[in-house]
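Worksheet: one structure, shown below.
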Amino acid sequence: MSLTLGRFIGVGVGPGTPGLIAVAALADLRSADIIYLPRARSSDISIARQTLAGLDIDPERFREVEFNMDPDRGVLARHYGELAATVVDELRQGRTVAYLTIGDAMTYSTYGYLLAAVRDLLPAVEHKTWPGITSFAATASALSWPLGEGKERMLILPCPDDMAALEADILSHDIVILMKIGQRLHDVLALLTKMDIAEHCAYARRIGLADQVLCERVDSLDPEDAVGYLSTLLIRRTAREKRHL
């Protein structure tokens, strides 16, 4: 007699601060038999696991898995194909499996690759995805930096290598949210200074974690102290317009 297939749950747990998880998502997570927590290859700990600090979840259900963001699409597909095969084996045994991802589950997330691979292997799987707070939403709230007012046009993009392309994007939008900056921070700050808009732009790195960097105007930011993984830049093309009630 075959078991009923288990459920697959994806949960966005916010950028790092413990407890930034939807109440409904937490209830669903507590029903999971196995909880996969991604860990960056360069890190000894899982940030996703840190976000669960203080919550009543049995740690024996945790399974840390090293995630791979290799630029080679073939390597990436193999990595998530292997993880999906492991997840599908658990689902076929009737277990409910959850996968945590920092930030939002569907915004530049490793979970998107995994969900697609799981559905390819097991089209009949019942699945639920819970959204999470993005790094740029957390940055905007921490710095009281509105993301779009009135009819302002906003663009979200991973940082390009070509600064001329970034300048064109900035000039054609009111607000640009820049993610995946990494070592390009020096070049981006130089561009914002050249465009004379650095004072209108804000930056955060590892927001919500113990070593977070928060800067409300990047004309005072030292890139040597701020460059690194998990960084977000909020770019405003012109000074914020004063609005009267």
Side-chain angles (χ1 to χ4, degrees), residues 3-40 46-53 55-59 61-70 73 76-141 147 154 156-158 177 179-180 207-208 230 232:
L3 290 170
T4 302
L5 290 176
R7 296 174 63 233
F8 184 50
I9 306 166
V11 180
V13 292
T17 303
L20 294 186
I21 179 173
V23 173
L26 179 58
D28 218 5
L29 189 60
R30 284 175 171 153
S31 73
D33 299 297
I34 297 172
I35 302 171
Y36 284 95
L37 306 108
R39 175 179 54 80
S46 165
I47 295 175
R49 183 167 184 164
Q50 289 180 271
T51 66
L52 301 182
L55 300 179
D56 183 21
I57 300 176
D58 184 359
R61 289 182 281 163
F62 294 161
R63 304 283 190 275
E64 284 197 11
V65 56
E66 185 179 271
F67 72 81
N68 185 340
M69 288 307 292
D70 196 295
R73 290 284 179 167
L76 200 62
R78 287 193 297 275
H79 174 75
Y80 285 99
E82 291 168 2
L83 178 56
T86 301
V87 169
V88 166
D89 182 61
E90 301 285 358
L91 294 170
R92 284 180 171 146
Q93 295 180 59
R95 299 188 181 101
T96 296
V97 180
Y99 182 86
L100 302 191
T101 182
I102 58 173
D104 174 61
M106 286 296 187
T107 305
Y108 292 115
S109 170
T110 57
Y111 169 74
Y113 298 108
L114 180 59
L115 176 61
V118 167
R119 295 179 72 185
D120 282 345
L121 293 173
L122 195 63
V125 65
E126 180 186 350
H127 62 90
K128 175 70 178 181
T129 301
W130 293 102
I133 296 171
T134 62
S135 60
F136 53 85
T139 299
S141 293
L147 288 176
M154 183 166 62
I156 303 170
L157 77 161
I177 295 170
M179 305 179 71
K180 300 179 179 289
I207 188 167
L230 295 177
T232 303

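All heavy atoms count here, side chains included; hydrogens, waters and symmetry mates do not. Small disclaimer: the values here were computed from a predicted structure and weren't measured.
Taking the side chain as every heavy atom from C-beta outward, Val65 and Arg39 never approach each other to under 4.5 Å. Using a 4.5 Å heavy-atom threshold, the side chains of Met179 and Pro158 count as separate. In this structure, Arg49 and Pro59 have side chains that are in contact, with non-hydrogen atoms separated by less than 4.5 Å. Two residues are said to be in side-chain contact when any heavy atoms from C-beta on lie closer than 4.5 Å; Ile9 and Val97 fail this criterion.
In this structure, the side chain of Asp33 engages the main chain of Thr96 through a donor-acceptor pair within 3.5 Å. With Ser109 contributing its side chain and Met106 its backbone, the two residues share no donor-acceptor pair below 3.5 Å.
Put simply, CG on Leu100 and OG1 on Thr51 are 6.0 Å apart, with the number rounded to the nearest 0.5 Å. Atom CD1 of residue Ile47 and atom OG1 of residue Thr101 lie 10.5 Å apart, to the nearest 0.5 angstrom. Taking OG1 from Thr134 and CG from Asp104, the interatomic distance works out to 7.0 Å, rounded to the nearest 0.5 Å. Atoms CG and OG1, on Leu147 and Thr139 in that order, are 8.5 Å from each other to the nearest 0.5 Å. Between the CZ atom in Phe8 and the CZ atom in Arg95 there is a gap of 15.0 Å [rounded to 0.5 Å]. The OG1 atom of Thr86 sits 8.0 Å away from atom CD of Glu82, with the distance rounded to the nearest 0.5 Å.
For the residue pair Thr232 / Ser135, a side-chain donor-acceptor distance below 3.5 Å is found, with atom types taken as modelled. Using a 3.5 Å distance cut-off with no hydrogens or angles, the side chains of Tyr99 and Thr110 do pair a donor with an acceptor.
The environment of CZ in Arg61 is crowded: more than 12 heavy-atom neighbours from other residues, nucleotides or ligands sit within 6.0 Å. By the 6.0 Å contact criterion, CG on Asp58 is enclosed, its count of non-hydrogen atoms from other residues, nucleotides or ligands being greater than 12.
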Name each donor-acceptor pair under 3.5 Å that joins a side chain in residues 121-133 to protein atoms two or more places apart or in another chain, with its distance.
| from | atom 1 | to | atom 2 | distance (Å) |
| --- | --- | --- | --- | --- |
| Glu126 | OE2 | Arg7 | NE | 3.3 |
| Thr129 | OG1 | Tyr111 | OH | 2.6 |
| Trp130 | NE1 | Asp28 | OD2 | 2.9 |

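Among all heavy-atom pairs drawn from Tyr108 and Leu157, the shortest one is OH-CA, 3.7 Å. Scanning all heavy atoms of the two residues, the minimum distance from Ala32 to Ala98 falls at CB-CB, 3.9 Å. Closest non-hydrogen pair, Ala53 versus Pro18, comes out as O-CB, 3.9 Å.
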